[in-house]
Structure formats: structure tokens, C-alpha cells
Amino acid sequence: ETGVTQSPTHLIKTRGQQVTLRCSSQSGHNTVSWYQQALGQGPQFIFQYYREEENGRGNFPPRFSGLQFPNYSSELNVNALELDDSALYLCASSPGTGGIGETQYFGPGTRLLVL
Amino acid sequence: ILNVEQSPQSLHVQEGDSTNFTCSFPSSNFYALHWYRWETAKSPEALFVMTLNGDEKKKGRISATLNTKEGYSYLYIKGSQPEDSATYLCAFMNAGGTSYGKLTFGQGTILTVHP
């Protein structure tokens with residue numbers, strides 16, 4: 001196991017609602033990245049946080065936001081949920097800055113269904 | 001838009017067969033190429049991080065090669081076992097742009113090894 005945990009494992013929401021997904025990184029890992037995996041596709045990068053600051057963002061709208069805390073936990077918040085937000089959400093942590101040559105350790109994901 | 005392609009999409013082999021899959025990625029602004037193995041209901045498991053042209057990495061019966069000039073990587077499994085059944089993902093990290101630490105994933109190769 002990677003030592004990265006996510007909660008909840010599954011979640012059902014309705015369109016327009018807001019959701020918070022949680023990730024607990026390995027102790028000492030300063031970087032956390034979030035990915036969205038839609039059915040039949042590879043994971044897509046949402047954003048990355050390093051020491052509580054966002055330091056990289058993919059092609060996702062501002063209603064996707066995040067927080068990283070000093071205790072190596074982090075959150076992904078999604079406002080105004082849309083049906084297309086139904087996906088598996090993965091977080092991944094790494095010990096340094098998340099850059100070249102550094103392994104990202106993934107959690108098992110949270111499966112979100114938006115009705 | 002970065003395009004990472006994996007082939008084949010799925011593969012069925014018999015126990016004991018050796019197999020290989022391909023990951024194609026942009027050859028410009030190369031930073032790193034990651035390989036992951038992802039078993040159902042588990043976290044993606046990091047196999048290799050490859051950064052240098054001509055890199056060859058090995059972990060047990062699994063090995064990988066990297067050609068950054070032509071933009072491809074091969075993953076080989078020697079003597080496949082049923083426990084090798086999983087989705088194998090490659091992910092590319094490029095040196096340019098503002099998405100520091102971003103992994104761009106292929107859609108994966110689903111391997112099924114039949115006893």
C-alpha cells in the first residue's frame with residue numbers, strides 16, 4: 001500500500017450541490033496532486049499543492065478548488081456540481097516538490113456520482 | 001494539448017506468455033515518463049520513473065525502456081502470471097508550461113492473464 005488514504009470511498013450528490021473530498025498524504029510528503037478519471041479515460045490533472053500553496057493547475061474551471069493543511073491532509077472542493085463531474089477522484093502525494101524524477105504515490109480514489 | 005497514447009487498449013494472454021505494451025508521448029520538452037500498475041479497487045502502484053533517453057529499468061519480471069528522441073516507451077512482462085492482471089498506465093511530465101508537476105496520462109492498457 002502507498003500510505004495515502006482518501007475519504008469517502010463513494011459519494012452520491014445532485015446537480016448544483018457542493019462536495020468536499022479528503023486525502024491524507026504520507027507523513028513528510030509536502031506535495032499533493034489531484035486527478036479526475038472519467039470512465040474510459042486516463043486520470044486528468046486538476047491541480048497540485050506544495051506546502052499549502054497551489055503551484056500548478058490543469059484545465060479545470062475555478063469551481064474546482066483545493067486546500068492543503070500542515071498535517072499532510074488536503075481537500076478537493078467542487079462547487080455547483082454538474083453531471084460531467086461524475087468520476088473517480090485520485091490524490092497523489094510526493095515528498096519533494098513533485099517535479100522531475102519524483103514518484104507520486106496515489107490513494108485508492110473517491111468515486112463521485114452526480115445525479 | 002499533450003497527447004499520450006497507449007497501445008493496445010486491452011490484451012489477453014496465457015499464463016507464462018511474455019508481453020509488451022507501448023506508450024507514445026510528445027518528444028519535445030521531455031521531463032519524465034512514469035509507469036503505474038493499477039489493480040481493480042486498489043491504488044495505482046508506481047513501477048518506474050524514467051528520465052534519461054535510453055533508460056532501461058527492471059523490477060522482477062517487469063522491465064521498461066525509454067526513447068525520448070522518438071517519443072516512446074515499452075513495458076515488458078516476462079512470463080506473465082495471473083497476478084499481473086491489471087491496468088498499466090503511463091504518464092508523461094513535460095518541462096514547459098505552468099502546470100508544474102503535472103502528469104499527463106494515457107488511457108491505459110488492460111492486461112488479463114488467463115491461468
Side-chain angles (χ1 to χ4, degrees), chain A residues 1-6 9-10 23-26 29-51 53-60 66 68 87-111, chain B residues 1-7 9-10 21-25 29-53 55 57 59 64 66 68 86-110:
Chain A
E1 292 303 317
T2 63
V4 179
T5 59
Q6 292 186 244
T9 54
H10 295 83
C23 173
S24 180
S25 301
Q26 284 193 33
H29 281 199
N30 296 311
T31 296
V32 65
S33 305
W34 286 90
Y35 294 84
Q36 180 197 66
Q37 190 193 28
L39 206 59
Q41 297 181 22
Q44 286 195 54
F45 178 77
I46 304 174
F47 45 55
Q48 183 181 81
Y49 279 77
Y50 173 69
R51 291 188 171 172
E53 298 282 336
E54 184 182 300
N55 75 337
R57 190 174 183 94
N59 192 25
F60 280 81
Q68 186 186 24
L88 181 71
Y89 289 86
L90 295 160
C91 72
S93 72
S94 49
T97 59
I100 183 171
E102 197 166 78
T103 298
Q104 295 188 17
Y105 297 88
F106 281 83
T110 292
R111 187 162 298 281
Chain B
I1 296 177
L2 298 174
N3 219 21
V4 179
E5 300 283 344
Q6 290 188 247
S7 62
Q9 275 194 311
S10 65
F21 348 117
T22 304
C23 173
S24 302
F25 52 86
N29 292 323
F30 176 84
Y31 220 30
L33 194 283
H34 295 230
W35 280 101
Y36 285 87
R37 173 171 62 198
W38 196 358
E39 295 178 64
T40 304
K42 293 190 177 179
S43 306
E45 174 198 354
L47 290 173
F48 306 115
V49 179
M50 309 179 81
T51 56
L52 298 174
N53 185 42
D55 245 358
K57 300 250 181 174
K59 186 177 182 178
L66 179 68
T68 60
T87 297
Y88 291 81
L89 289 165
C90 69
F92 169 78
M93 184 180 283
N94 80 319
T98 58
S99 299
Y100 183 81
K102 167 186 175 180
L103 290 176
T104 300
F105 282 86
Q107 77 277 25
T109 293
I110 303 171

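Throughout, protein chains are lettered first and strands after them, A, B, ... in sequence-line order, and every chain is numbered starting at 1. Values below: every heavy atom of this structure, side chains too, minus hydrogens, waters and symmetry copies.
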| query | Taking the six-membered ring for Trp, is the centroid-to-centroid distance between A:F45 and B:F105 below 6.0 Å? | reply | no
| task | Please report the shortest heavy-atom distance between A:G107 and B:P44, naming the atom on each side. | result | O-CD, 3.6 Å
| query | Looking at B:T51, B:T87, B:T104, B:V49, which one has more heavy-atom pairs under 4.5 Å with chain A than the rest? | reply | B:V49
| task | Below 4.5 Å from any heavy atom of chain B, which atoms of A:I46 appear? Answer side chain, backbone, both or neither. | result | neither
| request: Measure the shortest side-chain to side-chain distance between A:T103 and B:F48 over non-hydrogen atoms and say whether it is less than 4.5 angstrom. | output: no
| request: Please say whether more than 12 non-hydrogen atoms of neighbouring residues, nucleotides or ligands are located less than 6.0 Å from CD in B:Q9. | output: no
| said: Can you list everything that forms a side chain to side chain contact (heavy atoms under 4.5 Å, CB included) with A:T9? Sequence neighbours excluded, please. | reply: none
| message | Need one label for B:Y36: side chain, backbone, both or neither, based on atoms under 4.5 Å from any heavy atom in chain A. | response | side chain
| message | Could you tell me if the side chain of B:L89 sits less than 4.5 Å from the side chain of A:P43, heavy atoms only? | response | yes
| said: Return the CE to CD distance between B:M93 and A:Q104, rounded to the nearest 0.5 Å. | reply: 5.5 Å
| remark: When the 4.5 angstrom heavy-atom criterion is applied to A:Q37 and chain B, the contacting part is side chain
| With A:S24 via side chain to side chain contact (heavy atoms under 4.5 Å, CB included) - residues at least two apart | A:T5
